[in-house]
Amino acid sequence: MEERTFCKTIYAVLCCLLLSTSLFAQKQKVDTTHIYSIPEITVSDPYQTREVRSTTPEQIFSKEELKNLHALQVSDAVKHFAGVTVKDYGGIGGLKTVSIRSLGAQHTAVAYDGITISDCQTGQIDIGRFSLNNVDRLSLHNGQGDNIFQPARTFASAGLLNIQTPTPYFSAHKQTNMAAEFKTGSWGLVNPSLLLERQLTNTWSMSANGEWMSSDGHYPFILHYGNGEDMQTSKEKRHNTDVQNLRAEVGIYGNFSDKEQWKLKAYYYQSSRGLPNATTLYYDFALQHLRDKNTFIQSQYKKEFNRKWVFQTSAKWNWSYQNYQDPNPTVAAKEINNSYYQQEYYLSASTLYRMLDNLSFSLSTDGSINTMNANLNNFVSPTRYSWLTAFAGKYMNNWVTLSASALATVINEKAKSGGSAGNHRKLSPNVSASIKPFENEELRFRFFYKDIFRLPSFNDLYYSQTGNINLKPENAIQYNIGITYSKEINDFIPYISATVDAYHNKVTDKIIAVPTKNLFTWSMLNLGKVDIKGIDATASINLQPWQKLGINLSGNYTYQRALDVTNSDLNTPEGRVYKHQIAYTPRVSASGHAGIETPWVNLSYSFLFSGKRYMLGQNISDNRLDSYSDHSLSAGRDFKMRNVTASLNVEVLNLLNKNYEIVKNFPMPGRSFRVTVGVRY
């Protein structure tokens, strides 16, 4: 009862704040002739410049850059960021999660238009569900970004992947924008999409878009079995890999002035996909199926009252459903048909105060309620109440940028049956700085420190026979020191940039599964420790040999040494992996891209490389996965006819036709082809 009263009080305060601010904003006279420059809100710098000037590592792909990466889903593009590990179970429908600098997927937040997406069940987001058809910008932050005017929840993770959708823009004397696109390719790929944008009045506009994607996924692969001289191979095909996705979004935008904006978005997604088995000799039969549905409605409002004060608020309702079916798990067991339901109510309010031209402060507070239910017997049905408050400050001038924040987290948790994980209180600091020592050179040194944690997921706490309600949060301390440089040289080399960052992460109270009575009964415990050291390097150069010919080259390199330093005396399998590289983390990885833009055709080449990894914590030859590289090519051209622009793009993916494995026994597709036809009006 006390927890319920506590949370109701929080929400009442936030709702009153939101209502009173909205009413006050409506009474204000809008001066549409005056423009205020607020760096924390409006960013006009090119993306490359932002990456170099940031106090923390920031990587950004624009819509045009995403188009040249040969990426169908967000997960395909994220693989090209430095310091990122994407665990991919193969094919379009395979589960895909992202980990930044070996901290684990649960430490990486994923935001959609600035509002984070939650999954209390697993603590990680499947980024394979997001296509790139409606993405305007994709950005990745390590630590805390320079923008202090954000919801408190964006401060609450080790890294943030933000998916930004486009805002409608209308040229003079044009009130409607339309775009249609159709992708087709190998293994039955069919992917049509449609976008409609309409300017309703000078203040109001709307957008609607949707897409359907279907693929049978029956790609061939080479199965290897046996050892040494007895190694044999056979040609096989993946089974139970079909996938069908539907996504629909509607947005309403109110641009009342340059100082006041509001937008509302409704989102719906559903997916039906087969779950292929691991590839083992003589057994490729699989009938497991996964169905997902997700819908949310989110609203964002921003108002600049004067030069010093700015207010913004966000609200979201989210509902998700997941159904897992296994008609024949074993001969003895009966059919499995499990359904899980999650709901979230979320409200956020933030205020920015510009004390001086170079000094600003922000205060953000978020409240959320997360619930989970399932059709399982004796399911505990947990509910989590969260209240996060972040106070941040930022100082910047021509040669230094300083930023600091403190995040206060209050968690109350209960369960309908059985015990609950109880309450948590935590204060998390963050400090970052960037120094420019030379006035005429865009050379900067940067540093950041962040102490953050992640809560145990509902599966960690309450999963049948393995859950442990006494788990503590998993802590991560991040250190980073780096150097960045950019320069505009001449007409032939308009721009070059480079960044190098060295980092050291320490994970304590790591949540791991250990056997208890026997190998078939496991439990979740806070026993793990991981020590992570690494280097991320990025570089890009733009060349302009002639006026109508442009060449863009970019690449990144990552070296990371992520060692399990859990107590070596533990009488568990984990005790035998002391100072071994953690599973699925390569020591070396890299990616690169080259693009040529001409009046006749645009050519693009990209590659991915990953060094050897281990599928388990013990770094022995039986657990080793070979290194791999993936090369892709594309050619495209736009055709303009009056007000209509048609486009054609042809891609060859995985040019060398290698069935490499990111996850053991889940081979990736070999060479494939994709054709995209689009029309924009």
Side-chain angles (χ1 to χ4, degrees), residues 47 50-51 54-61 74-75 77-87 96-112 114-119 122-127 130 137-148 150-164 388 390 392 403 405 407 409 428-432 446-455 457 473-482 499 501-507 510 530 532-538 556 558 560 562 582 584-585 589 591:
Y47 297 143
R50 282 182 56 187
E51 294 175 36
S54 175
T55 60
T56 60
E58 178 181 14
Q59 301 173 75
I60 302 174
F61 285 138
V74 166
S75 55
V78 170
K79 294 175 184 178
H80 289 269
F81 284 135
V84 166
T85 301
V86 175
K87 191 177 288 187
K96 299 167 178 65
T97 59
V98 57
S99 170
I100 297 177
R101 292 181 170 179
S102 301
L103 291 172
Q106 291 89 346
H107 282 281
T108 305
V110 179
Y112 201 77
I115 299 180
T116 54
I117 302 167
S118 66
D119 187 332
T122 65
Q124 56 190 10
I125 305 299
D126 178 9
I127 59 173
F130 301 106
R137 185 174 76 249
L138 191 65
S139 60
L140 181 73
H141 299 270
N142 285 291
Q144 184 63 44
D146 284 348
N147 183 7
I148 64 170
Q150 299 188 80
R153 193 186 272 184
T154 61
F155 291 75
S157 59
L160 176 67
L161 174 67
N162 189 40
I163 304 168
Q164 189 70 40
L388 289 78
S403 179
S405 66
L407 172 70
T409 302
S428 305
N430 170 77
V431 178
S432 63
R446 62 187 179 192
F447 162 83
F448 88 79
Y449 161 84
K450 187 170 187 177
D451 185 348
I452 199 62
F453 71 99
R454 69 102 170 170
L455 286 171
S457 68
E474 183 177 300
N475 295 293
I477 297 178
Q478 301 169 267
Y479 301 91
N480 185 98
I481 185 169
T499 69
D501 287 275
Y503 56 88
H504 184 193
N505 301 332
K506 295 181 178 180
V507 181
K510 186 172 179 62
V530 178
I532 305 161
K533 297 176 182 177
I535 295 175
D536 289 340
T538 70
N556 66 65
T558 295
Q560 52 186 335
I582 62 176
Y584 291 110
T585 302
S589 60
S591 69

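Glu58 contributes no side-chain N or O that, together with a main-chain N or O of Gly145, makes up a donor-acceptor pair within less than 3.5 Å. Checking side-chain atoms of Lys450 against main-chain N and O of Ser157 turns up a donor-acceptor pair under 3.5 Å. Proximity of a side-chain donor or acceptor of Asp126 to a complementary backbone N or O of Lys96 within less than 3.5 Å is detected. Between the side chain of Thr558 and the backbone N or O of Gly83, at least one donor-acceptor pair lies under 3.5 Å. A donor-acceptor pair under 3.5 Å is formed between the side chain of Asn162 and the backbone N or O of Gly114. Put simply, the side chain of Thr56 gets close to the backbone of Gln144: a donor and an acceptor are under 3.5 Å apart.
For Lys533, the side chain to side chain donor-acceptor pair (under 3.5 Å) criterion is met by no residue, not counting sequence neighbours. For Ile535, the side chain to side chain contact (heavy atoms under 4.5 Å, CB included) partners are Val500, Ala502, not counting sequence neighbours. The side chain to side chain contact (heavy atoms under 4.5 Å, CB included) check on Asp119 picks up Gln121, Thr122, Ile125, Gln342, with sequence neighbours excluded. Legend: residues meeting ring-ring contact (aromatic ring centres under 6.0 Å, His included) with Phe448, ordered by chain and number and at least two apart, are absent. With sequence neighbours excluded, the residues satisfying side chain to side chain contact (heavy atoms under 4.5 Å, CB included) with Thr116 are Ala109, Ala111, Arg153, Thr154, Leu160.
To the nearest 0.5 Å, atoms CD1 (Ile452) and CG (Asn505) are separated by 12.5 Å. From Ile60, atom CD1 reaches atom CD of Gln164 across 11.0 Å, with rounding to the nearest 0.5 Å. Rounding to the nearest 0.5 angstrom, the gap separating the OG atom in Ser54 from the CG atom in Asp146 is 4.0 Å. How far CG of Leu140 is from CD1 of Ile100: 4.0 Å, rounded to the nearest 0.5 Å. Put simply, OG on Ser589 and CG on Asp536 are 8.0 Å apart, with the number rounded to the nearest 0.5 Å. We find the CD1-NE2 distance between Ile532 and His504 to be 8.5 Å, quoted to the nearest 0.5 Å.
Between Phe155 and Leu388, every side-chain heavy-atom pair lies at or beyond the 4.5 Å cut-off. Val78 is not listed as a side-chain neighbour of Phe130, based on a closest heavy-atom distance of 4.5 Å or more. Using a 4.5 Å heavy-atom cutoff, the side chains of Leu455 and Phe453 are in contact. At least one side-chain heavy atom of Asp501 sits less than 4.5 Å from a side-chain heavy atom of Arg101. Looking only at side-chain heavy atoms (C-beta outward), Pro57 and Asn480 come within less than 4.5 Å of each other. Put simply, the side chain of Val98 reaches to within 4.5 Å of the side chain of Val84, judged on heavy atoms. When side chains are defined from C-beta on, Ile148 counts as touching Ser403, because their heavy atoms get closer than 4.5 Å.
Across all their heavy atoms, Thr55 and Ser432 have their closest contact at OG1-OG, 3.0 Å. A pairwise comparison of heavy atoms in Ala82 and Thr538 identifies CB-CG2, 4.0 Å as the closest pair.
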(message) The test is side-chain contact (heavy atoms from CB on, under 4.5 Å); show your working for Ile163 and Leu138 and say whether it passes.
(response) CA-CA 5 Å; Ile163 304 168; Leu138 191 65; 3.8 Å; yes
(request) With side-chain contact (heavy atoms from CB on, under 4.5 Å) as the test, would you mind laying out the steps for Arg446 and Thr499 before giving the verdict? (result) CA-CA 10 Å; Arg446 62 187 179 192; Thr499 69; 4.0 Å; yes
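Classified by interplanar angle (parallel below 30°, tilted 30° to 60°, perpendicular above 60°), the ring pair Phe61/Phe81 is parallel.
Between Thr85 and Ser99, the side chains place no donor N or O within less than 3.5 Å of an acceptor N or O (distance only, hydrogens not considered). No donor-acceptor contact under 3.5 angstrom links the side chains of Asp451 and Ser428, judged on distance only.
Among residue pairs with one or both ends in residues 102-111, those qualifying as side chain to side chain donor-acceptor pair (under 3.5 Å) are Ser102-Gln560, His107-Glu474; sequence neighbours excluded.
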